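Notes for the one structure printed next.
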Amino acid sequence: MNIIHKKSWSLPESSATPEDVFWNRRRFLTGMAGGGLALGAALSSRPSFAETDPSAHLYPVDRNPAYELDRPLTDEGIASTYNNFYEFGSHKQIAKAAQKLQIRPWTVAIDGLVDKPQTLDIDDILAKMPLEERLYRHRCVEAWSMAVPWSGFPLAELVKLASPTADAKYIRFETFKNPEVASGQRQSWYPWPYVEGLTLAEATNELAFMATGIYGKPLAKQFGAPIRLVVPWKYGFKSIKSIVKITFTDQRPVSFWEEIQGSEYGFWANVNPSVPHPRWPQASERLLGTDERRNTLLYNGYEAQVAHLYKGMTGERLFM
Ligand code: MTE
């Protein structure tokens with residue numbers, strides 16, 4: 001069992017910010033989306049760095065029609081300017097600061113319990129992998145959600161390439177660490193680098209996705225370029241950004257948030273409306289960029305694909 005730290009500085013926005021301020025901030029975003037104002041239009045245009053990404057010619061990719069949404073896509077300008085990426089600040093307006101991240105050269109090391117540890121260049125990964133687009137819901141533990149078109153490939157393909165040994169039970173993912181470009185990483189009280197983990201069964205589930213693009217273009221840096229995880233049935237903090245290392249292990253990884261506040265952010269983090277966060281309800285969510293609140297769905301609506309992964313697990317804190 002992990003040691004529980006209780007530190008007020010580590011809280012996410014919905015708890016660290018008084019609730020009225022929190023929701024007013026949301027209403028500001030809502031107003032931009034609903035009004036169709038010049039500001040909204042300006043936000044919708046993509047910053048020019050996307051054009052210079054060496055993988056830009058690969059996008060858009062064909063959409064996989066198997067993944068349908070029950071809600072409209074979130075406006076690109078809104079999703080691109082309301083991000084959690086603590087490496088660049090503990091607030092949502094990190095898009096500008098994130099442009100400092102250099103995404104070439106970029107390598108992903110694969111190590112641990114695999115037949116052949118290797119370090120892969122991101123452009124080799126992109127060339128090898130079957131890229132497709134998927135429309136997924138994304139539910140943040142802070143009770144907001146978005147719906148976006150990710151481009152990328154199934155994590156199961158990368159697992160196949162890595163060829164884990166029979167002892168491998170978990171995958172540990174690690175984000176880059178470079179305090180010179182990521183000012184948040186100069187805050188040494190955070191346990192950098194950002195770490196997340198999945199079981200091997202979760203990682204090879206059809207929904208687990210490695211995103212390399214969004215909105216028909218390479219990932220903008222604030223989304224976690226050049227490669228991030230997307231696990232849409234779990235709270236958003238599991239979807240680790242800007243990955244540099246993937247380790248196959250027989251030990252359950254301790255994630256960044258679990259290390260900071262294990263009583264509130266656990267390993268499983270499956271979306272469940274009937275299990276409140278210790279400090280706020282999870283029954284409903286605000287759709288980013290709209291006035292709408294919707295009831296949150298078990299496993300974020302992906303129960304058919306993932307419920308079997310957790311059958312018979314008792315004594316586990318599945319939703320924390
Ligand atoms: N990955 C890293 N490396 N650093 C982070 O701060 N934040 C997480 C997750 N991945 C985070 C991260 C959280 S809390 C959420 S909700 C999502 O990224 C946000 O993804 P988005 O900015 O694409 O909406």
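Both counts, for ligands and for their atoms, begin at 1 and track the order of listing. In this text, all values refer to a predicted model and were calculated from it rather than measured experimentally.
- A salt bridge links E142 to K92: one of the charged nitrogens lies within less than 4.0 Å of a carboxylate oxygen.
- T212 and Y59 share a side-chain donor-acceptor pair at under 3.5 Å.
- Here E142 has no heavy atoms under 4.0 Å from ligand 1, in either its backbone or its side chain.
- Checking only distances, W257 never comes within under 3.5 Å of ligand 1, N or O to N or O.
- Within 6.0 Å of CG in D62 there are 12 or fewer heavy atoms belonging to other residues, nucleotides or ligands.
- Contacts between N84 and ligand 1 below 4.0 angstrom, taking non-hydrogen atoms only, involve backbone and side chain alike.
- If you look at R228 next to ligand 1, the close heavy atoms, those under 4.0 Å, all belong to the side chain.
- Taking distance alone, with nitrogen or oxygen atoms compared against 3.5 Å, Y82 stays at or beyond that limit from ligand 1.
- Residue W150 places no N or O, backbone or side chain, under 3.5 Å from any N or O of ligand 1.
- Heavy atoms of Y194 found under 4.0 angstrom from ligand 1 belong exclusively to the side chain.
- Not a single heavy atom of G224 sits less than 4.0 Å from an atom of ligand 1.
- Contacts with ligand 1 closer than 4.0 Å are made by side-chain heavy atoms of M146 only, the backbone lying farther away.
- Applying side chain to side chain donor-acceptor pair (under 3.5 Å) to W257 and the options Y265, Y194, Y86, Y235 leaves one that passes, Y194.
- E202 has no carboxylate O lying under 4.0 Å from a charged side-chain N of K238, or vice versa, which leaves the two without a salt bridge.
- The shortest N or O to N or O distance between W144 and ligand 1 is not below 3.5 Å.
- The same ILVMFWY cluster, assembled from side-chain heavy atoms under 4.5 Å apart, contains both F88 and W189.
- In this structure, R104 pairs ionically with D123, as a charged nitrogen and a carboxylate oxygen lie closer than 4.0 Å.
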